[in-house]
Amino acid sequence: MQQVITRFPPSPTGYLHIGGARTSLFNWLFARSRRGQFILRIEDTDVERSTEESVKAILDAMEWLELGWDEGPYFQTKRLEVYREYAEKLLKTGHAYWCECSARELEQRRGTALAEGRKPKYDGACRSKALGEGTNRVLRFRSPESGTTVLNDIIKGPIEFENSELDDLVIVKSDGIPTYNFAVVVDDITMGITHVIRGDDHVNNTPRQILIYRALGAKLPEFGHVPMIHGEDRSPLSKRHGATSVMEYKKMGFLPEALLNCLVRLGWSHGDEEIFSREELIEKFSLENVGKSPSIFTMEKLLWLNAHYIKEKRAEELVELLRPFAAAHNYPEKSDAFMAAAIRTLRPRVHTLVEMAEAMRFYMVEEIEFDPEAAAKFLTAEMVPVFSRLISELSALATFDEETLEPVFRNTAQELKVKLGKIAQPVRVALTGGTKSPGLFEIMEVLGKDAVIERLKRARSGRAEER
RNA sequence: GUCCCCAUCGUCUAGCCCGGUCCAGGACAUCGGCCUUUCACGCCGACGACACCGGUUCAAAUCCGGUUGGGGACGCCA
């Protein structure tokens, strides 16, 4: 069987957004799952709006998501001779003709048509003028006036279009640069693309493209149109829906595997399964299980998935990922081992690396700040003797780990005839500054004997001074 | 306006092709409980949907038609 070749063709007019990332993911997964090739192609024929920054931003995002491509990136502006060649071919076979209608005129005619309730399509004014090439002239595709074009979509099934609904689209602009509908077809033909997987906003372009394939005598690829991703108000995802750029999610402390897992489930499913590793996705992905209806992107499940992957990842790896976030807080430098130990205790209670970096504060800074409310409630005068006693007990310890610490506290509580919680909360405040934290003994083990005793003394003297 | 697509819990979805096993399953979120040194994690439970109308049929979430709603396209943008 023929090898599968898919492509992702972003236009470099902005960053890689959530929708594009999912399209890219589907193409990547499909190619990987079928042991095929995945091509990256930059569609920069809109010279006005395309920028190098955008290209870089897109590449960076693809790299972060680890969606590696086998060929490319190709740039359409570097393939102009190829399009010219194919345009010649269409011209020679009578499938294309030159048109001298100005953009201004056309806009006017469109306006009138729309106002009169007609479909605003090109009226074919230059269709039989047999014009030659010339300045300010565009090349148009001669579209059949009757008949039906059928798109057999892998995802949506057969869709019929009346050719009479289609018009003679421009395929080469007056500056000699091909338009999208022409360039994609030429590229997909010459690059041997077997499966075109893209957003369903392209469904209406497809019959035009099919017609061009036919005029060129080329074999059609398979088409699969995936439903769009919308914002919470059901309109297409845009800036006003908050974070839409893939890289913003990196900045917010999400792991790429979480974003990917979240994205793949928007439209695709595999029974009741929710968590998929990259390998599982490659093994299980198929276009047959892609749904037809649009979905809404929310952060709820992404947060849950991210929390899951944070819990699952090796602490040593998290240290690396966390460093930039910790740096943003200007924390003092700590060793990898110390940070890994701290992360292990914080891990079950955060959803993002940003939260992790914040939660880490009491481990990182020398002088913790006390939450006034917590201090007032728990660092009371009656705790002074308790702290004193704990300090002397702890000072005597040779090993300082959870196993040895717990009995010390349990015994102390028992002898003082109070519940463990009664002394645990004040100690927690003394050690962390607040009332919420990982387990007391975990914290103490990570912090170490010296720091613990120092913090207990500080909390105790704070009380003593007040008296 | 014309053409095209879509329609199951708040959200992501399973089921629909091959009607009965579905008074519709899972996950997130929410709420309650358990666990517990706090907060989480974890575990258990609750809430919660087949858009509407009609048809076919012994039987429809599943098939057909229409309505409504949402989305897309109609560029010398991609």
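Note on naming: letters A, B, ... go to the chains in the order of the sequence lines (proteins, then strands), and numbering restarts at 1 for each one.
- In this entry the distance linking CG of D201(A) with P of C5(B) reads 15 Å, nearest Å.
- In this structure, E358(A) places its CD atom 16 Å from C1' of C39(B), rounding to the nearest Å.
- Taking only distance into account, the side chain of K119(A) never meets the base of C74(B) through a donor-acceptor pair shorter than 3.5 Å.
- As rounded to the nearest Å, A51(B) and U8(B) have P atoms that lie 6 Å from one another.
- Atom pair D233(A):CG and U11(B):P shows a separation of 13 Å (rounding to whole Å applied).
- Across all strands, E160(A) comes closer than 4.0 Å only to sugar-phosphate atoms, never to a base (heavy-atom distances).
- For C74(B), neither phosphate oxygen OP1 nor OP2 lies less than 4.0 angstrom from any side-chain nitrogen or oxygen of R208(A).
- Contact of R428(A) with U37(B) (side chain to base): a donor-acceptor pair of N or O atoms is detected under 3.5 Å.
- Atom pair W304(A):CH2 and U30(B):P shows a separation of 13 Å (rounding to whole Å applied).
- Relative ring orientation between H95(A) and F141(A) is described as parallel, the plane-to-plane angle staying below 30° on a 0-90° scale split at 30° and 60°.
- One P atom belongs to U62(B), the other to G20(B), and the distance between them is 11 Å to the nearest Å.
- Considering only the side chain of E300(A), C28(B) comes nearest among C28(B), A78(B), A14(B).
- Comparing the P positions of C12(B) and U21(B) gives a spacing of 26 Å, expressed to the nearest Å.
- Ring planes of H270(A) and F276(A): perpendicular class, angle over 60° (limits at 30 and 60°).
- The existence of a salt bridge linking R41(A) and E43(A) is confirmed by a sub-4.0 Å separation between a basic side-chain nitrogen and an acidic carboxylate oxygen.
- Atom CD1 in I423(A) sits about 12 Å away from atom P in U37(B), given to the nearest Å.
- Comparing the P positions of C63(B) and G15(B) gives an interatomic distance of 13 Å, to the nearest angstrom.
- Put simply, the side chain of S174(A) and the base of C76(B) share a donor and an acceptor less than 3.5 Å apart.
- The nearest heavy atom of RNA chain B to D200(A) and to D175(A) marks one nucleotide each, and the one closer to the 5' end goes with D200(A).
- For T179(A), no side-chain nitrogen or oxygen approaches OP1 or OP2 of C77(B) to under 4.0 Å.
- Taking atom P on both nucleotides, G42(B) is separated from A29(B) by 9 Å, rounded to a whole Å.
- Distance, L106(A) CG to C77(B) P: 12 Å, rounded to whole Å.
- Phosphate contact (OP1/OP2 of A78(B), side-chain N/O of K173(A), threshold under 4.0 Å): present.
- Taking the centre of each ring, F30(A) and F38(A) stay at or above the 6.0 Å mark.
- For S269(A), taking side-chain heavy atoms from C-beta onward, the closest of the listed nucleotides U38(B), U13(B), A78(B) is U13(B).
- Within the nucleic acid shown, L114(A) comes within 4.0 Å of at least one base atom, counting heavy atoms only.
- If you check every strand for non-hydrogen atoms under 4.0 Å, E274(A) touches a base.
- Distances shorter than 4.0 Å separate some side-chain N or O of R110(A) from OP1 or OP2 on G75(B).
- Taking 4.0 angstrom as the limit, K436(A) places none of its side-chain polar atoms (N or O) nearer than this to OP1 or OP2 of U37(B).
- With Y309(A) as the aromatic partner, K313(A) does not meet the cation-pi criteria of under 6.0 angstrom to the ring centre and within 45 degrees of the ring axis.
- Listed pair R22(A) / C12(B) fails the phosphate criterion, with no side-chain N or O lying under 4.0 Å from OP1 or OP2.
- Taking the P atom of each, C41(B) and U68(B) are spaced 46 Å apart, rounded to whole Å.
- Between I193(A) and I39(A) the shortest side-chain heavy-atom distance falls below 4.5 Å.
- C47(B) and C28(B): their C1' atoms are spaced 15 Å apart (whole Å).
- In this structure, H225(A) and T206(A) have side chains that are in contact, with non-hydrogen atoms separated by less than 4.5 Å.
- Each of M228(A) and N136(A) has a nearest nucleotide on RNA chain B; the 5'-most of these lies closest to M228(A).
- Which of C76(B), G71(B), U38(B) sits closest to the side chain of S437(A) comes down to U38(B).
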